[in-house]
Amino acid sequence: RSPALRRCATPVTGSTMRCGVIARCALAAMVVALSACGLLGREDPRVEPERPATATRLTLIDPGAEPRRPVSFRLTPNTSVDLELRLDLHLTQRTSDTEASQTLDPPVTRQTVRLTVDRTDQDGSQVSFQVIDAGIDPAGTLLTDVQILQLTAAVQSVVGLTGGMHVDPRGEVTSVSYHDTAELPPESADALSSLEQGLTSVVPLLPSEPIGRGARWRTVSRSDATGLTLRQTTVYEVTSIEDDRLTYRATITQDAPDQEVDTGEGPVRLLAADLVGSTTGMVSTTGLVTESETSLRGSQIVEQTDGTDQEQDARPRRVTQDLDLLLTVKPVEAAEPAG
């Protein structure tokens, strides 16, 4: 169902949670939110200079009320916006119905990305980006000072990263490229993953047919993100269309079949996974100004054989994990127009 499933599948044992587990869960859950929030689901990125994005199938359910008109993105060149992505995650897990649940409550994480429209033509717009800020809010967590420093360093590892992406008139991000990724440290993998999910989720995918208020459409995507097979279905509904401003809401379902998952920390089998949620949002069709709030809840059941079990009888341990998160995307103080 998500890269977070892959990275958080390892049970957190003992009274002290390892910072590495917290960091991976906090960062990878950003990927979950952005791929599942009903904007644009994408595969987990690999650190390559450039790679194409994954297409999503769209079906128009209802064109909405009259008057209807084609709605597409024609971004204004030489304009910029700073967007902040903020994630609040709660995760609990239990190994049986008789045992008390264990809570993983990582700090709120945030990334701020500056987007600049370089040029626009009939095929879409070329947009450059730069990560200008990132951090965490450790208030209310049980992290030690050392763990806070380690997690902050992981989150901030992509600050300063630049690149570009192409957005077609329907809102499809057809390619993403990075500058100087070879210099990124290994711990930046999850932060880079959440960054790309954020970039490809800046605008929703729109139907090519004319639409009006109340229009509804469904997107279905399948991917093998990081070796994990998942399916996502999102149903959008337009709540208003005014000039270049479109507001919408969406419902999301995401699931994954029974499969082996490569976590790098021992054999893990995903037995079941389901995620549901909703999104409300606003987007400008002439700029990259967007606001949204996504609430998601889900659960997964995994079987894992850890080192202790291998030394004894190698019997897998079944763990149920419940995920609850809130993702917000909003403009921060406006950037000066480019040029």
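Heads up: numbering here begins at 1 and tracks the sequence.
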**Study point:** Test side-chain contact (heavy atoms from CB on, under 4.5 Å) applied to Thr233 - qualifying residues, sequence neighbours left out
**Key:** Arg218, Val220, Arg231, Thr253

**Study point:** Interatomic spacing from CG in Leu206 to OG in Ser72 - rounded to 0.5 Å
**Key:** 8.0 Å

Exercise for review: Any chance you could pull the hydrophobic cluster mates of Val235, using side-chain heavy atoms under 4.5 angstrom and chaining through other members?
Suggested key: Ile61

Check your understanding: Considering only heavy atoms from C-beta outward, does the side chain of Gln300 approach that of Leu270 to under 4.5 Å?
Key -> yes

Practice item. Just jot down the side-chain contact (heavy atoms from CB on, under 4.5 Å) partners of Ile132, sequence neighbours excluded, or say none. Key: Asp82, Thr112, Arg114, Gln130

Review point. Near Asp121 CG, under 6.0 Å, is it more than 12 heavy atoms from other residues, nucleotides or ligands?
Key: yes

Review point. Is the shortest heavy-atom distance from the side chain of Leu83 to the side chain of Lys330 under 4.5 Å?
Key: no

Check your understanding: Would you call Asp322-Arg94 a salt bridge at under 4.0 Å N-O?
Key -> yes

Exercise for review: Indicate yes or no for a side-chain donor-acceptor contact from Gln156 to the backbone of Ala153 under 3.5 Å, with no hydrogens or angles considered.
Suggested key: no

Check your understanding: For Val276, what are the other residues in its hydrophobic cluster, where any two members join if their side-chain heavy atoms are less than 4.5 angstrom apart?
Key -> none

Check your understanding: Out of curiosity, Leu246 CG to Ser240 OG, how far, rounded to the nearest 0.5 Å?
Key -> 7.0 Å

Point to revise | Thr286 and its side-chain hydrogen bond (donor to acceptor under 3.5 Å, both in side chains) partner, picked from Thr79, Asp244, Thr76 | key: Asp244

Practice item. Determine whether Gln321 and Val319 make a side-chain contact, defined as any pair of heavy atoms from C-beta on separated by less than 4.5 Å. Key: yes

**Study point:** Partners meeting side-chain contact (heavy atoms from CB on, under 4.5 Å) with Pro210 (sequence neighbours left out)
**Key:** Arg68, Pro70

Point to revise | Closest heavy-atom pair and its distance - Ser284, Phe73 | key: O-CE2, 3.6 Å

**Study point:** Heavy-atom check, side chain of Pro207 versus side chain of Leu60, under 4.5 Å
**Key:** yes

Check your understanding: Is Arg269 paired with Glu303 through a side-chain N to carboxylate O contact shorter than 4.0 Å?
Key -> no

**Study point:** Side chains of Leu151 and Pro107 in contact at under 4.5 Å (non-hydrogen atoms)
**Key:** yes

Review point. Can you name the salt bridge (charged side-chain N to carboxylate O under 4.0 Å, His left out) partners of Asp133, sequence neighbours left out?
Key: Arg110

Study note, to complete from the structure: OG of Ser295 to CG of Asp88, rounded to nearest 0.5 Å, is 10.5 Å

Check your understanding: Less than 4.5 Å apart, any side-chain heavy atom of Thr290 and any of Leu288?
Key -> no

Review point. Taking only residues two or more places apart in sequence or in another chain, which ones pass side-chain contact (heavy atoms from CB on, under 4.5 Å) with Asp118?
Key: Thr116, Gln126, Ser128

Review point. Just by distance, do the side chain of Gln150 and the backbone of Ile148 share a donor-acceptor pair under 3.5 Å?
Key: no

Check your understanding: Should the heavy atoms of other residues, nucleotides or ligands under 6.0 Å from CD of Glu66 be counted, would the total exceed 12?
Key -> yes

Review point. CD of Glu237 to CZ of Arg213: how many Å apart, nearest 0.5 Å?
Key: 9.5 Å

Point to revise | Of Glu291, Glu293, Glu84, the residue whose pairing with Thr328 passes side-chain contact (heavy atoms from CB on, under 4.5 Å) | key: Glu293

Review point. Apart from Leu149 itself, what residues make up its hydrophobic cluster, given side-chain heavy atom links below 4.5 Å?
Key: none

Donor-acceptor pairs are to be reported for all side-chain atoms of residues 158-169 against protein atoms at under 3.5 Å, with residues two or more places apart or in another chain.
{"residue": "Thr162", "atom": "OG1", "partner": "His179", "partner atom": "ND1", "Å": "2.9"}
{"residue": "His166", "atom": "ND1", "partner": "Thr174", "partner atom": "OG1", "Å": "3.1"}
{"residue": "Asp168", "atom": "OD1", "partner": "Arg170", "partner atom": "N", "Å": "2.9"}
{"residue": "Asp168", "atom": "OD1", "partner": "Gly171", "partner atom": "N", "Å": "3.1"}
{"residue": "Asp168", "atom": "OD1", "partner": "Glu172", "partner atom": "N", "Å": "2.9"}

Point to revise | Remaining members of the apolar cluster that contains Leu271, side-chain heavy atoms under 4.5 Å | key: Ile301

Review point. Without hydrogens or angle criteria, can the side chains of Thr247 and Thr239 be said to hold a donor-acceptor pair below 3.5 Å?
Key: yes

Review point. How many angstroms lie between atom CD1 of Ile252 and atom OG1 of Thr294, to the nearest 0.5 angstrom?
Key: 6.0 Å

Check your understanding: Is there a donor-acceptor contact under 3.5 Å from the side chain of Thr120 to the main chain of Leu75?
Key -> yes

Check your understanding: When you look at Leu323 and Leu89, which way does the side-chain contact (heavy atoms from CB on, under 4.5 Å) test go after all the steps?
Key -> CA-CA 7 Å; Leu323 180 70; Leu89 166 70; 2.7 Å; yes

Revision key, fill the gap. One should read off an interatomic distance between Leu115 CG and Ser125 OG, to the nearest 0.5 angstrom, of 12.0 Å

**Study point:** Verdict with reasoning, Ile241 to Ile211, per side-chain contact (heavy atoms from CB on, under 4.5 Å)
**Key:** CA-CA 9 Å; Ile241 304 177; Ile211 58 174; 4.2 Å; yes

**Study point:** Partners meeting salt bridge (charged side-chain N to carboxylate O under 4.0 Å, His left out) with Arg74 (sequence neighbours left out)
**Key:** none

Point to revise | 4.5 Å side-chain heavy-atom contact, Val289 and Val283 | key: no

Point to revise | Sub-4.5 Å side-chain heavy-atom contact between Leu296 and Asp324 | key: no

Practice item. Spell out, yes or no, whether Leu275 and Leu326 are grouped together once hydrophobic residues are joined by side-chain heavy atoms under 4.5 Å, including indirect joins. Key: no

Revision key, fill the gap. The complete set of ring pair (Phe, Tyr, Trp, His ring centres under 6.0 Å) pairs with one or both residues in residues 202-222, sequence neighbours excluded, reads Trp217-Tyr236

Check your understanding: Around atom CG of Asp243, are there more than 12 heavy atoms of other residues, nucleotides or ligands at under 6.0 Å?
Key -> no

